[in-house]
Amino acid sequence: MKYFLAMGVLLLVGMQTALAQTKPPAKAPIKSATVTKPIPGKATAAGGLVASISRGKAVYTQYCLTCHQVDGGGVPRMNPPLIGTDYVKGDNVRLIKVVLQGFSEKVEIEGDTYSNTMAPHNFLTDQQVADVLTYIRNSFGNKVKGIQPAQVQQVRASLPAAK
Amino acid sequence: MKSTFLRLLIGMAPVVSACSLVAAPLHEGDKPAKNIVAPAEPNAGLKLPAGFTASAIIEGLSRPRHLAVNKNGDVFVKLEKLRDGKGIVQLHLGADGKATITRAFGNFPGTGIYIKKGFLYASSDEEVFRFKLDNNDNVADETPEKLVTGLISRNEHEAKAILVDNADRLFVNIGAFSNSCQEEDRKKGSMGQKGCPVLDSAAGIWQFKTDQANQHYGDGIRYATGLRNVVGMDFNYTDNELFVMQHGRDQLHDLFPDLYTEQQSAVLPAECMYMVKKGDNAGWPYIYYDELQKKKILAPEYGGDGKKTAGENAIDPAIAFPGHLAPNGLLFYTGTQFPAKYRNGAFIAFHGSWNRAPEPQEGYYVVFVPFKDGKPTGQWEVFANGFAGVDKITSPGQAKHRPCGLAQGPDGSLFVSDDAKGTIYKITYKGK
């Protein structure tokens, strides 16, 4: 398997070179526990993007990792991946709501359905939610603008009062 | 992206070995393939006890779950994802050891499939059907009878495993739509619901009739309760006892971090095999079985602290395995092909863990449990390993194959399904 991996990387690199003019280089998501290098100059509250990502990693490890796994790959058919999904890359409000309200619906996520219950994580602070989402948006091969605590606060205020 | 990447890698495997970068010596008599075909890895990549061989009879089925074999050795496979609109495929083994799909039917996806007395039974996540078989054990009519309908399926533990006993009783597992019956499912610190209402319609084995159409809950009997989620179950026909494998509850550390370490949470609670009699209660959600203390422990949702025992009336497991291995298939071996020690013992297909993270994952193998006088001897061993294709799994997506269903062929061969890449394996004993 190591050989195949090595070959795969070699081939991918080869393909990338071939496709370099047309496509951005693909990332190898296999070992994507590493954080994608942050986009410089886009700072979040409380110490900037790098600090937010590192706090977010701690939140992720404590509250999300069991289900979405260390590489963001999720669990086939149970917990969806956080790699390049429309939810992660897309609308900020929808993404914040997933964390605050939880998620348990038979919907397709990148072509598959998932059978498990994600509880509302409304016990996390605005800062924690912003940090964890900024972390996943800049990890596992994702590279999307971070989330600000103020955005979380706004979404939280718009939701029916939590139990 | 990840799966595309993996598929790419697997697609490349033959190319790689054809370039002989992988130093796999050619056996005498082997000729290098002219056309590049998938290289026959010895035993299809599985590690088995001496004298056993394995082959992949077919690959790429859409999430094959449970299996049933007819008297001619054809394998009926229940698919969890429809293939060209069909949820069951019939496989016929050719002289070359490869299977072809000879028929596809049944327009529902699902897990359960079972053959008994001239009928093929199959389940979706809400219903149970049966197809009449002809004298050759082929399906006589592709339009099934609907036996049971309206079973609960709520985005958690939906698979309905099925069995029919010699007295024509239909047994259906209905898994809990909850992890541990918390007021808010899987929410940190949320306490257990008083008089857990999930037990009314799920978390147990229900019994229905085989000769009555459109049965609802009211037409059935809750045969046994307090079983969180059972996917593998079988009769030990030597003494007609029903044995089930329970998937134990998840996330002790996530939900109660002050009471359980990550390491404890990775191995607790046990995955239990129970011998179930009518009216039995295995204790979910109030208790779980701790295989280290060898005790029934009060669940933290109901005031437990990891030490307090409870559940005096709950049955004890027949044998307990480490946590989260996810037993999806159970089969009592009645054949004579395998050596004598296997006769009337149990094979268990462990799908492999996910909620051991951040600890390494475990499972992804088929285990053998020797039985004596209708009870497990207490020892168990890994029988078939190597499904995952990697030594260490930190994230379940890394596993190439995940064992799920088991069935025995008329010649005593053992079939294993893999619902990740859709492979069906045949394991035979060739002797020393």
Side-chain angles (χ1 to χ4, degrees), chain A residues 1-12 15 26-33 61-79 81 83-85 102-107 110-124 140-142 162-163, chain B residues 1-6 8-10 12-13 15-17 19 21-23 63 80-81 125 153-159 177-179 182-190 250-251 253-255 257 262 265 353-358 361 388-391 394-400 402 419-420:
Chain A
M1 189 64 196
K2 272 222 182 93
Y3 260 118
F4 297 163
L5 274 178
M7 271 300 287
V9 172
L10 275 179
L11 281 197
L12 271 187
M15 275 160 30
K27 282 182 200 75
I30 293 274
K31 48 168 203 168
S32 47
T61 306
Q62 191 173 353
Y63 296 107
C64 324
L65 187 147
T66 317
C67 293
H68 293 289
Q69 301 291 320
V70 65
D71 59 355
V75 179
R77 306 203 312 283
M78 284 199 75
N79 308 316
I83 302 171
T85 65
F103 198 164
S104 180
E105 281 167 48
K106 266 273 166 298
V107 293
E110 314 298 316
D112 267 314
T113 57
Y114 293 86
S115 298
N116 202 358
T117 305
M118 173 171 164
H121 284 63
N122 49 7
F123 51 85
L124 299 175
F140 321 131
N142 300 325
K163 281 185 250 175
Chain B
M1 173 61 196
K2 164 171 230 172
S3 57
T4 321
F5 184 72
L6 277 177
L8 185 61
L9 287 185
I10 285 149
M12 280 181 329
V15 184
V16 172
S17 70
C19 307
L21 273 175
V22 177
R63 298 187 194 163
E80 205 186 46
K81 191 170 186 174
D125 290 347
S153 165
R154 286 193 197 152
N155 214 28
E156 214 169 320
H157 310 139
E158 302 110 308
F177 45 94
S178 167
N179 172 37
Q182 289 172 287
E183 271 154 23
E184 285 182 90
D185 190 23
R186 297 182 191 265
K187 185 164 182 181
K188 184 186 161 193
S190 173
D250 301 329
Q251 296 184 277
H253 169 78
D254 291 344
L255 305 176
E262 282 169 351
S265 195
S353 69
W354 62 272
N355 82 98
R356 283 186 170 222
Q361 305 295 350
V390 288
D391 290 337
T394 48
S395 175
Q398 295 160 352
K400 275 207 278 179
R402 302 182 74 180
D419 64 356

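Order of the sequence lines sets the chain letters (A, B, ...), proteins ahead of strands, with each chain counted from 1.
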Decide, yes or no, whether a salt bridge links R63(B) with D112(A) under the criterion of side-chain N to carboxylate O below 4.0 Å.
yes
Inter-residue atom distance R186(B).CZ - H121(A).NE2, 0.5 Å rounding:
11.5 Å
Chain A heavy atoms under 4.5 Å from D419(B): which part of the residue, side chain, backbone, both or neither?
both
Sort out for me which residue in L65(A), V75(A), D71(A) forms a side chain to side chain contact (heavy atoms under 4.5 Å, CB included) with S395(B).
D71(A)
For D254(B), is it the side chain, the backbone, both, or neither that has a heavy atom closer than 4.5 Å to a heavy atom of chain A?
side chain
Looking at side-chain heavy atoms only, is the closest gap between L124(A) and K188(B) below 4.5 Å?
no
When only pairs under 4.5 Å are counted, which of P76(A), G102(A), G84(A) shares the most heavy-atom pairs with chain B?
P76(A)
What part of Q251(B) lies closer than 4.5 angstrom to a heavy atom of chain A: side chain, backbone, both or neither?
side chain
Is any side-chain heavy atom of N155(B) closer than 4.5 Å to a side-chain heavy atom of Y114(A)?
no
Does the side chain of K106(A) come within less than 4.5 Å of E158(B)'s, by heavy atoms?
yes
Winner by heavy-atom pair count (cut-off under 4.5 Å) against chain B, out of M118(A), M78(A), Q62(A), R77(A):
R77(A)
Atom group of Q361(B) that falls short of 4.5 Å from chain A, counting heavy atoms:
side chain
Nearest non-hydrogen partners of G111(A) and K81(B), listed with the distance
O-NZ, 4.2 Å
Whatever's closer than 4.5 Å to a heavy atom in chain B on E110(A) counts as neither
